[in-house]
Chemist: 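One structure, as structure tokens, below. Some questions next.
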There are 2 protein chains.
Amino acid sequence: MPLEDVQPVSLLCGDCPIRHRAVCARCETDELDTLEQIKYYRRFEAGQTVIWSGDKMDFVASVVSGIATLTQTLEDGRTQMVGLLLPSDFVGRPGRASAAYNVTATTDILMCCFHKKPFEDMMIRTPHIAQRLLEMTLDELDAAREWMLLLGRKTAREKIASLLAIVARRDASNKLQLPQGRMIFDLPLTREAMADYLGLTLETVSRQISALKRDGVIELEGKRHVTVPDMDRLMNEAGEDSDGGFLV
Amino acid sequence: MPLEDVQPVSLLCGDCPIRHRAVCARCETDELDTLEQIKYYRRFEAGQTVIWSGDKMDFVASVVSGIATLTQTLEDGRTQMVGLLLPSDFVGRPGRASAAYNVTATTDILMCCFHKKPFEDMMIRTPHIAQRLLEMTLDELDAAREWMLLLGRKTAREKIASLLAIVARRDASNKLQLPQGRMIFDLPLTREAMADYLGLTLETVSRQISALKRDGVIELEGKRHVTVPDMDRLMNEAGEDSDGGFLV
DNA sequence: TGCACTCTTTGATTTGTGTCAAGGATCTGT
DNA sequence: ACAGATCCTTGACACAAATCAAAGAGTGCA
């Protein structure tokens with residue numbers, strides 16, 4: 001595959017966990033050696049908190065495997081998920097000393113971390129890194145804004161349908177398929193995590209999933225294994241035109 | 001004032017509308033001539049739509065004066081505001097051909113536009129521009145995520161109090177004041193725009209503003225002129241610790 | 001001065017979702 | 001096989017916010 005056609009799925013294109021490379025299709029610089037020197041791996045078990053909002057954070061990282069969530073909370077415990085970290089996603093903000101969100105592993109997770117200061121130095125030497133990070137951040141911003149429409153204006157049923165559609169699309173793109181027709185996938189989240197994602201309670205999530213099942217929009221095997229007989233139908237329930245490509 | 005002390009309030013530090021400069025405190029490159037060649041001004045009246053979601057967008061721009069909103073809509077007309085553009089804010093995404101949101105002027109507005117292609121070329125020649133844009137985008141992402149917490153988990157009363165606190169803080173920082181004690185400012189939005197911001201109906205917005213007035217949290221003169229006797233009280237109503245610095 | 005228009009307030013009623021509560025399903029380790 | 005956990009489902013009820021409806025306030029214009 002020519003470099004032009006490489007889909008840069010992460011900031012650091014390459015084949016982690018073997019090795020990260022600060023080089024992408026448009027960038028000739030190769031900071032592989034630097035990265036090898038400053039990187040280290042960290043493992044977390046499902047349920048563990050990677051970092052608390054406000055804690056000092058002297059690294060940036062990319063997810064190698066597993067799933068983590070970014071959440072914000074109010075003092076009385078109400079919590080809202082504001083981001084979902086999937087393999088290849090980047091976390092941490094160059095130029096900020098402390099974490100702005102709680103980061104929690106929802107499955108066992110392996111993260112590839114880089115000490116922040118040398119990473120920032122490398123960014124300055126390698127301008128394309130900043131451009132790639134900008135692209136990724138703009139994508140995240142778009143996803144956040146799509147999510148705001150969901151939180152502010154969609155009904156509980158539409159919210160659930162939207163979430164299912166997002167997971168289905170993400171799953172399809174991992175398998176290099178198109179999100180259409182009959183689709184089968186696993187939900188990587190508990191009912192409670194879905195509720196925190198959608199600004200609902202876990203009871204409402206459960207009820208709406210049951211309703212979608214009753215109405216034949218989805219089929220369920222166990223609690224997590226979902227079959228969508230007709231993706232278009234699901235998109236319709238989600239209140240989206242069937243193109244929209246929002247994810248995190 | 002030495003360059004070091006210039007507060008880079010916009011991507012293009014300097015004194016627009018006289019002239020934009022692609023130079024900031026940390027950046028020695030000066031692309032003034034390039035910018036002068038590719039820039040042009042556009043004026044819109046209150047209520048006019050600057051660009052519709054999906055339209056071809058061959059420019060990027062920064063707001064010189066006035067206020068605009070970014071909104072997303074569902075097919076049946078439900079709309080959610082996803083961003084607020086205030087003077088010095090940047091709009092448009094390098095590397096994308098069409099607009100992702102409706103941009104609507106809520107007051108008369110003057111925008112300084114740059115043709116996109118030459119702007120992108122300049123970004124490549126001037127790496128600090130990309131870094132500055134990255135910083136701004138990360139700030140926007142943080143604001144969007146704070147907003148998600150509001151949309152998903154706050155009550156109507158807390159939402160209104162939060163919005164008032166945001167406007168008060170923004171106003172204070174424009175006047176180089178601290179947001180504390182007694183504060184007086186104007187609301188730049190109609191009740192309907194506030195509703196679209198907060199994921200409420202305009203009736204609920206009106207009722208909650210009346211309630212806050214009745215309870216002495218705010219005083220109102222006319223519909224737009226607000227006095228907050230005690231900023232801490234307002235912050236408390238908003239469900240935030242009094243530090244939190246979220247704005248758009 | 002009064003009409004037309006937009007924006008806002010307030011009231012009555014409905015409804016979607018939250019809250020509280022009980023019980024079911026699945027899994028683990030003993 | 002059983003106890004204990006965790007996660008999930010379902011029901012009854014309460015309540016916050018939406019909806020429907022009407023009227024008030026402010027502004028520009030004839």
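All chains are named by letter (A, B, ...) in the order of the sequence lines, taking the proteins before the strands, and each is independently numbered beginning at 1. Small disclaimer: the values here were computed from a predicted structure and weren't measured.
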Chemist: Looking at residues at least two apart in the chain, or sitting in another chain, which of them share a side chain to side chain contact (heavy atoms under 4.5 Å, CB included) with Glu203(B)?
Modeler: Thr201(B), Arg207(B)
Chemist: Under 4.0 angstrom, heavy atoms only, what part of the nucleic acid is Thr190(B) near: base, sugar-phosphate, or nothing?
Modeler: sugar-phosphate
Chemist: Nearest-Å distance, NZ (Lys159(B)) to P (dA18(D))?
Modeler: 7 Å
Chemist: Nearest-Å distance, CZ (Arg191(A)) to P (dG24(C))?
Modeler: 19 Å
Chemist: Taking side chain to side chain contact (heavy atoms under 4.5 Å, CB included) as the criterion, tell me which of Leu84(A), Leu85(A), Ile109(A) meets it with Ile67(A).
Modeler: Leu84(A)
Chemist: Nearest to the Thr155(A) side chain among dA17(D), dT17(C), dT8(C), which nucleotide is it?
Modeler: dT17(C)
Chemist: Between Ile209(B) (CD1) and dT9(C) (C1'), how many Å, whole number?
Modeler: 11 Å
Chemist: Within the 4.0 Å heavy-atom criterion, would you say Gly47(B) contacts the bases, only the backbone, or no part of the nucleic acid?
Modeler: nothing
Chemist: What is the separation between atom CZ on Arg78(B) and atom C1' on dG16(C), rounded to the nearest whole Å?
Modeler: 13 Å
Chemist: Picking from dC8(D), dG18(C), dT17(C), which would you name as closest to the side chain of Thr201(A)?
Modeler: dG18(C)
Chemist: Measure the distance from CZ on Arg153(B) to P on dA16(D) and round it to the nearest whole Å.
Modeler: 17 Å
Chemist: Starting at CG of Leu198(A) and ending at P of dG16(C), how long is that distance when rounded to a whole Å?
Modeler: 18 Å
Chemist: How close or far is atom C1' of dA17(D) from atom CG of Leu151(B), stated in whole angstroms?
Modeler: 15 Å
Chemist: Trp147(B) and Met81(B): which non-hydrogen atoms are nearest, and at how many Å?
Modeler: CZ2-O, 3.5 Å
Chemist: Quiz question: going by heavy-atom distance under 3.5 Å, is there a donor-acceptor pair between the base of dT19(C) and the side chain of Arg207(A)?
Modeler: yes
Chemist: Given the rule in the salt bridge (charged side-chain N to carboxylate O under 4.0 Å, His left out) test, do Glu140(A) and Arg93(A) qualify, once you have shown the distances and angles that lead to the verdict?
Modeler: CA-CA 13 Å; Glu140(A) 275 186 271; Arg93(A) 174 169 173 169; over 6 Å; no
Chemist: With each end axis built from five pairs of C1' atoms, what bend angle do you get for the helix from dT1(C)-dA30(D) to dT30(C)-dA1(D)? Round to 10°.
Modeler: 30°
Chemist: Can you tell me which nucleotide in dT10(C), dT17(C), dC20(C) comes closest to the side chain of Ala156(A)?
Modeler: dT17(C)
Chemist: Consider the side chain of Glu203(B), meaning its heavy atoms from C-beta on, and name the nucleotide among dT8(C), dA17(D), dT10(C) that approaches it most closely.
Modeler: dT10(C)
Chemist: Whole-Å distance between dG11(D) P and Gln208(A) CD?
Modeler: 14 Å
Chemist: Looking at every heavy atom in both Arg153(A) and Thr79(B), which two are closest together, and how far apart are they?
Modeler: NE-O, 2.8 Å
Chemist: Counting only side-chain heavy atoms from C-beta out, which of dA21(C), dA18(D), dG11(C) sits nearest to Leu200(B)?
Modeler: dA18(D)
Chemist: Quick check: closest heavy atoms across Pro179(B) and Met231(B), and the distance to 0.1 Å?
Modeler: O-CG, 3.5 Å
Chemist: Please list, in numerical order, the residues of residues 215-225 of chain A that have a heavy atom closer than 4.0 Å to any atom of DNA chain D.
Modeler: Lys223(A), Arg224(A)
Chemist: Which heavy atom of Met148(B) sits nearest to which heavy atom of Leu151(A), and what is that distance?
Modeler: O-CD1, 3.6 Å
Chemist: So which one's nearest nucleotide on DNA chain C is more toward 5', Thr204(A) or Leu189(B)?
Modeler: Leu189(B)
Chemist: Return no unless some side-chain N or O of Ser210(A) is found under 4.0 Å from OP1 or OP2 of dT10(D).
Modeler: yes
Chemist: If I compare all heavy atoms of Pro188(A) with all of Thr106(A), which pair ends up nearest, and what's the gap?
Modeler: O-OG1, 4.5 Å
Chemist: How far apart are the closest heavy atoms of Lys154(B) and Glu240(B), and which atoms are they?
Modeler: NZ-OE2, 3.5 Å
Chemist: Please answer whether the main-chain N or O of Leu110(B) pairs with a side-chain N or O of Arg43(B) as donor and acceptor at a distance below 3.5 Å.
Modeler: no
